[in-house]
Amino acid sequence: MRIENDLKLGFKDVMIRPKRSTLKSRSQVNLEREFTFLHSDVVWKGIPIMAANMDTVGTFEMAKAIAKHGLFTAIHKHYSIEEWRDFANNTDQKTLNNIAVSTGTGKEDSEKVKQILEEFPQINFICIDVANGYSEHFVNFVQKMRKNHPNKIIIAGNVVTGEMVEELLLAGADIIKVGIGPGSVCTTRVKTGVGYPQLSAIIECADAAHGMGGQIISDGGCKIPGDIAKAFGGSADFVMLGGMLAGHEESGGELIEENGEKFKAFYGMSSETAMNKHAGGVANYRASEGKTVKVPFKGNVDNTIIDILGGIRSTCTYVGASRLKELTKRTTFIRVQEQENQVYS
């Protein structure tokens, strides 16, 4: 046993200090980025915000809706091959450029990914997603996927420390998904005591990834647009959203009506709800590490995307960043005790 005494920070612990700016308007801010990748010669250009690969968020409908804004969707892994065919044969190339095929680490998972990518080779991203990215089995699976798909862009996670970021990049991943326990419907920290404050995880993992030519995704913990801006300010290349994109028309999940009000179901992918739906129940050797909630129905996702992007553009104007890429260079975090005046909340 050992104790690390270094300070670790989450989004609630800091704010971004404003700086002198020459920007006249938020409309001058460019949120698009262009990325090249460590193991692939594919180039991606867009706004690097991602819908999470949850079946109550990362849907085909969500992908079509947010691709129009230049955003990305990691499609959840529970669609059938037939559903993939229906989607991919009737959608535009811009949407296909802005999606990842998600997979676990089972044999059936890898066979399904292979079949999808053989039928639709224009899809360039694979998202290998497990709750615990620290296992040797996971590293070996990443190596196998790199061998089988030599020019695809591979996303792998989740981890929260620099040494594992480096391990996964060396194994063949291009982008590392960072976050253990910060999600709004994740109970890993409650059930296991394991986790890492998200902002510090971003800063440390980005440093490790960028030193090797890789990228990271901040996955989880964003409750408001300001948190997304803080993630980018902390050097995240991409930010993945779950709860902020749940509850919309385009989100998955059951629509529930109670006393004249509408809600949508939203649950973690390690929750009892998800395991009952997709795995025949919670295995007797594990615990549920997610919760199920009712999110007030929010309507069309376009309004939420416009609000998020407007907030990030405003962040950039406060610190004088004309491009999203410049935000981290212009960010100084200050430690705070409170974020906002909540007298009317």
Side-chain angles (χ1 to χ4, degrees), residues 11 16 26 29-35 37 43-54 56-76 94-100 102 124-125 127 129 153 155 157-158 174-179 182-184 198-199 201-202 205-206 209 215-248 250-251 266 298 300-317 321 323-328 331:
F11 296 133
I16 297 171
R26 294 169 179 82
V29 176
N30 180 8
L31 296 181
E32 281 196 330
R33 291 203 60 183
E34 184 172 287
F35 290 106
F37 300 96
V43 176
W44 181 84
K45 185 176 182 180
I47 296 175
I49 296 174
M50 296 178 159
N53 51 304
M54 309 167 77
T56 47
V57 179
T59 64
F60 290 144
E61 295 77 18
M62 183 67 74
K64 289 178 181 178
I66 70 174
K68 291 183 291 187
H69 298 273
L71 276 65
F72 192 97
T73 301
I75 304 293
H76 72 76
K94 183 174 182 181
T95 301
L96 294 179
N97 288 343
N98 283 282
I99 62 171
S102 297
N124 290 317
F125 289 79
C127 178
D129 179 60
I153 301 156
I155 300 166
N158 282 31
D174 298 286
I175 311 170
I176 309 304
K177 203 140 70 75
V178 172
S184 58
Q198 187 66 5
L199 182 59
I202 292 166
C205 290
Q215 286 94 17
I216 70 157
I217 300 167
S218 170
D219 178 19
C222 291
K223 296 180 279 189
I224 51 177
D227 292 338
I228 304 172
K230 291 172 188 177
F232 284 128
S235 294
D237 302 288
F238 298 84
V239 177
M240 183 171 272
L241 304 178
M244 288 184 71
L245 296 181
H248 294 92
E250 300 83 357
S251 312
F266 176 49
K298 303 172 187 174
N300 194 287
V301 76
D302 284 348
N303 296 325
T304 297
I305 297 301
I306 290 166
D307 185 62
I308 288 170
L309 299 184
I312 298 168
R313 286 192 189 96
S314 192
T315 306
C316 290
T317 61
R323 298 182 298 158
L324 182 61
K325 184 178 181 179
E326 297 169 7
L327 180 55
T328 185
T331 293

Result block: side-chain N/O donor-acceptor pairs under 3.5 angstrom for residues 302-314, not counting sequence neighbours:
from   : atom 1 : to     : atom 2 : distance (Å)
Asp302 : OD1    : His69  : NE2    : 3.1
Thr304 : OG1    : His248 : NE2    : 2.6
Ser314 : OG     : Arg26  : NE     : 3.1
Ser314 : OG     : Arg26  : NH2    : 3.2

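The shortest distance between side-chain heavy atoms of Met244 and Pro225 falls below 4.5 Å.
Annotation for Cys316 and Val29: closest pair CB-CG1, 3.7 Å, computed over non-hydrogen atoms. Of all the heavy atoms in Asp227 and Gly221, the pair that sits closest is OD2-O, 3.8 Å. When all heavy atoms of Ala52 and Gly242 are compared, the closest pair comes out as CB-CA, 4.1 Å. Among all heavy-atom pairs drawn from Ser235 and Thr328, the shortest one is OG-OG1, 2.9 Å. Closest approach of Lys177 to Asp129, counting heavy atoms only: NZ-OD1, 2.7 Å. A pairwise comparison of heavy atoms in Ile202 and Gly234 identifies CG2-O, 3.5 Å as the closest pair.
Separating the CZ atom in Arg33 from the CG atom in Leu324 is a distance of 6.5 Å, to the nearest 0.5 Å. With rounding to the nearest 0.5 Å, the separation of CD1 in Ile217 from CD1 in Ile49 is 12.5 Å. Taking CD1 of Ile176 as the start and CD1 of Ile216 as the end, the distance is 9.5 Å to the nearest 0.5 Å. Between the SG atom of Cys205 and the CD atom of Gln198 there is a distance of 8.5 Å, given to the nearest 0.5 Å. Interatomic distance, CE of Met240 versus CE of Met54, reported as 10.0 Å (0.5 Å rounding). Between atom CZ of residue Phe125 and atom CG of residue Asn97 there is a gap of 8.5 Å, rounded to the nearest 0.5 Å.
Under the 3.5 Å distance criterion, the side-chain polar atoms of Ser251 are matched with a main-chain donor or acceptor of Leu245. Looking only at distances, no side-chain donor or acceptor of Thr331 sits under 3.5 Å from a matching main-chain atom of Ile16. Using modelled atom types, one side-chain atom of Ser102 and one backbone atom of Ile75 make a donor-acceptor pair closer than 3.5 Å. Between the side chain of Glu250 and the backbone N or O of Val301, at least one donor-acceptor pair lies under 3.5 Å. Judged by distance alone, with hydrogens and angles left aside, the side-chain atoms of Asn158 form a donor-acceptor pair with the main-chain N or O of Gly179 at under 3.5 Å.
Of the candidates Leu71, Ile155, Val239, Met50 forms a side-chain contact (heavy atoms from CB on, under 4.5 Å) with just one, namely Ile155.
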Test log, rule side-chain contact (heavy atoms from CB on, under 4.5 Å), inputs Phe266 and Val57:
CA-CA 8 Å; Phe266 176 49; Val57 179; 3.8 Å; yes

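Using bins of under 30°, 30° to 60° and over 60° for the plane-to-plane angle, the ring pair Phe35/Trp44 lands in the parallel bin.
Annotation: Lys298, atom NZ; neighbour count of heavy atoms from other residues, nucleotides and ligands within 6.0 Å is above 12.
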